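Here is the structure we will look at, set down as structure tokens.
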Amino acid sequence: MDVGKTGVDGAVAKNPFKQRSRVRTTGHQAKLANTYRLRPVRRFVPHLIHKKGEELMGSFGDMTYKPEACGEVAIEIADRMVAFIKAQAFDRYRCVVEVTVMEKQGQAVKMASRALWDSEKDTSLTLKYENKHLLAVGVVFALYLD
């Protein structure tokens with residue numbers, strides 16, 4: 001009696017090594033290996049984004065400062081900016097867009113930001129819009145992911 005192929009009751013045991021993998025039977029694709037590429041194929045180009053950003057910041061027009069209305073416009077500008085940047089298909093970049101709106105009352109404004117930065121691959125872009133009633137500042141951070 002061959003113990004490896006039949007059990008005590010005579011049934012044939014299944015070989016676990018000959019079963020099909022779940023990846024093949026369910027139709028899912030296998031996960032690909034890392035490329036270990038350290039440079040982007042298509043770099044982030046700030047001057048292309050700057051033109052569209054200035055156009056989008058012009059959406060404030062001659063608006064007076066009302067927190068709710070200005071907040072909605074700022075969110076719309078940020079969403080449209082992110083969509084435009086994604087459409088450009090910069091390789092392996094993640095973008096953060098922040099739009100800040102404040103009432104203009106003759107005060108001075110200083111803004112600063114801090115981040116862990118790779119000066120060769122990461123970049124930022126600052127946009128400004130100003131009218132009689134408000135000041136809007138948009139910042140785009142483009143961060144390269146290895």
Side-chain angles (χ1 to χ4, degrees), residues 4-7 11-146:
K5 293 185 179 178
T6 59
V12 177
K14 292 182 179 179
N15 186 348
F17 298 107
K18 289 187 178 180
Q19 292 179 355
R20 290 183 161 219
S21 70
R22 289 186 150 192
V23 172
R24 290 187 204 149
T25 58
T26 61
H28 295 292
Q29 292 183 353
K31 188 175 180 180
L32 299 175
N34 292 333
T35 61
Y36 300 104
R37 192 174 63 217
L38 299 176
R39 302 265 182 227
V41 173
R42 183 165 185 239
R43 295 188 63 105
F44 187 84
V45 185
H47 70 273
L48 292 178
I49 306 303
H50 193 271
K51 292 176 186 176
K52 181 68 172 181
E54 285 181 341
E55 177 186 316
L56 289 173
M57 292 293 280
S59 300
F60 284 107
D62 197 28
M63 238 177 135
T64 59
Y65 180 77
K66 294 178 185 166
E68 295 82 20
C70 289
E72 290 174 10
V73 173
I75 290 170
E76 179 67 25
I77 290 171
D79 289 343
R80 290 175 66 190
M81 187 65 125
V82 168
F84 178 75
I85 292 170
K86 283 184 179 181
Q88 300 304 308
F90 295 114
D91 187 46
R92 294 188 180 189
Y93 277 94
R94 298 298 179 262
C95 294
V96 178
V97 178
E98 177 187 2
V99 179
T100 305
V101 185
M102 56 201 89
E103 187 174 13
K104 205 170 170 186
Q105 294 182 339
Q107 73 275 25
V109 176
K110 287 187 181 183
M111 295 180 75
S113 60
R114 184 190 298 203
L116 187 58
W117 202 260
D118 181 357
S119 60
E120 292 179 13
K121 301 174 207 156
D122 300 338
T123 187
S124 68
L125 170 68
T126 304
L127 305 160
K128 182 178 135 182
Y129 181 80
E130 188 173 357
N131 67 18
K132 290 191 271 184
H133 308 287
L134 60 87
L135 171 69
V137 178
V139 183
V140 177
F141 296 100
L143 308 169
Y144 181 75
L145 299 179
D146 287 335

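Source: prediction; values computed, not measured.
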Applying ring pair (Phe, Tyr, Trp, His ring centres under 6.0 Å) as the test, list every pair that has at least one member in residues 107-146; sequence neighbours left out.
Tyr93-Tyr144

Closest approach of Ile85 to Cys95 (non-hydrogen atoms, all atoms of both residues):
CG2-SG, 3.3 Å

Nearest heavy-atom approach of Asp122 to Leu116 is OD2-O, 4.5 Å

Any salt bridge (charged side-chain N to carboxylate O under 4.0 Å, His left out) involving residues 82-97? Give me the pairs, sequence neighbours left out, ordered by first then second residue.
Arg37-Asp91

Atom [atom1] of [X] and atom [atom2] of [Y]: how far apart are they, to the nearest 0.5 Å?
{"X": "Lys51", "Y": "Ile49", "atom1": "NZ", "atom2": "CD1", "result": "11.0 Å"}
{"X": "Thr123", "Y": "Phe90", "atom1": "OG1", "atom2": "CZ", "result": "10.5 Å"}
{"X": "Met111", "Y": "Thr126", "atom1": "CE", "atom2": "OG1", "result": "8.5 Å"}

Minimum side-chain heavy-atom gap Leu127-Met81 below 4.5 Å:
yes

According to side chain to side chain contact (heavy atoms under 4.5 Å, CB included), who are the partners of Lys128, at least two apart in sequence or on a separate chain?
Glu130, Leu135

Residues that Glu98 engages under side chain to side chain contact (heavy atoms under 4.5 Å, CB included), provided they are two or more places apart:
Thr100

Which donor-acceptor pairs under 3.5 Å do the side chains of residues 55-75 make with protein atoms, sequence neighbours left out?
from: Glu55; atom 1: OE2; to: Lys52; atom 2: NZ; distance (Å): 3.4
from: Ser59; atom 1: OG; to: Leu56; atom 2: O; distance (Å): 2.7

Restricting to side chain to side chain donor-acceptor pair (under 3.5 Å), what partner residues turn up for [X], sequence neighbours left out?
{"X": "Gln107", "answer": "none"}
{"X": "Asp79", "answer": "none"}
{"X": "Glu120", "answer": "Arg39"}
{"X": "Glu76", "answer": "none"}

Using ring-ring contact (aromatic ring centres under 6.0 Å, His included) as the criterion, list what pairs up with Phe84, not counting sequence neighbours.
none

